[in-house]
Amino acid sequence: MSAHAAAAQPAAITLRGVTKRYGGHVALKPIELEIAEGEFFCLLGPSGCGKTTTLNLIGGFIAPTAGEIFIRDERVDRLPPHRRSVNTVFQSYALFPHMTVRDNVGFGLKMARIPSSESAGRIEEALGLVGLETFGERLPTQLSGGQQQRVAVARALVNRPAVLLLDEPLGALDLKLRKRLQVELTQIHRDVGTTFVYVTHDQEEAMSMSTRMAVLNDGRIEQIGTPSEIYYKPNSRFVADFIGESNFLEVETGSQSGVVRLADGRGVPCNSSATGRATLMVRPEAIHVSDPHDAPESSLKGKIVQTSFLGSQTRIAVSCDGVSLPLTASQFGRERLAARELTPDREVSLWWDADDAVLLAKESMEEEVE
Ligand code: ATP
């Protein structure tokens, strides 16, 4: 789903000008956000950027300092959590230790006074969704961490909320289990069709699970988009740096089409109609490494400083004249030079397709514009 298409659907959640201050500290600067029905939307960013604050505002655990929050068409920012059609799954499973799995899952239905004739079927359905149909009579202590978290998901889904909020739900699990539950959660999301809003600081997790995501930085949304939009078209150096690996070059644009210039006047490939100083970003996998005789005109000559064989790829760090940090290139399978030829001190040329280079406005220029 593209960012544009998603915005055209009815919104499950809308945040308008939402701000949160804690005393003198601004945790969230005014935020505009629209999450469509049925999305798996990730809030991604480094520690302290405001992800949990955003989730807690939607869930009603804290009140905004300013702004409006809507769930579907209802304004909810003055409503307590239990009056909002949301449920939350936390990192700590927060299951009742003395209750069986079935009773934990059914707890919300009991509170809502749903008759047992109806709730029994809904509990079984929720347990089925998370693959725990045969675990109903166990106590939480008789389950693994991953199973406990699946109970927490079932407990949150059994009330059929419009929105499921998940705050780093896999954070306490080891990497292998985490990967498995990532797949399971995306399957559960597809099965129930509920809108999921998922907080994580793990970019791989966000990339692999979300339909769209927001990258937050210091209380601001830097960019909203699908994983591939964010990866291939980052709109700032922060996003490019935070998601995946990037090479950055300081360039001057506007002198010739298809080429931008380094400080010493050498041209490197980039399609841009902008003029002025900018940072060019190119991903390691977009960089071709070739013998200098084989390279096109707008390529960069350099010397290999390090070669790392990583199985599925070989990573090469190349020091280029006039470029402050070595550039990193990833070579997969059969490339122009065989891995054994990529030895340190060897002279090579680096180049890339103009469409694979992304021009990022200088942050100082952005500040001047603001
Ligand atoms: P993490 O990944 O570490 O959980 P986060 O992105 O979820 O981080 P938040 O918990 O939303 O970050 O916090 C955003 C900012 O607000 C941080 O600077 C944090 O210190 C501050 N903050 C959060 N809760 C409070 C509070 N109750 N009182 C004061 N400051 C707070």
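As the structure lists them, so they are numbered: ligands from 1, and atoms in each ligand from 1. Everything numeric here is computed off the predicted structure, so don't read it as measured data.
Residues meeting the side chain to side chain contact (heavy atoms under 4.5 Å, CB included) test with Leu325, sequence neighbours left out: none. The side chain to side chain contact (heavy atoms under 4.5 Å, CB included) check on Arg78 picks up nothing, with sequence neighbours excluded.
Grouped with Phe70 in a hydrophobic cluster is no other residue, since no side-chain heavy-atom contact under 4.5 Å to another Ile, Leu, Val, Met, Phe, Trp or Tyr is found.
In this structure a side-chain-to-backbone donor-acceptor pair under 3.5 Å is present from Thr307 to Leu342.
Protein residues with a heavy atom under 4.0 Å from ligand 1 are Tyr22, His25, Ala27, Pro46, Ser47, Gly48, Cys49, Gly50, Lys51, Thr52, Thr53.
In terms of heavy-atom proximity, Arg84 sits nearest to Leu57 at NH1-O, 2.8 Å.
Between His189 and Phe196, the ring planes are perpendicular. Angles over 60° get that label, and only those under 30° would be called parallel.
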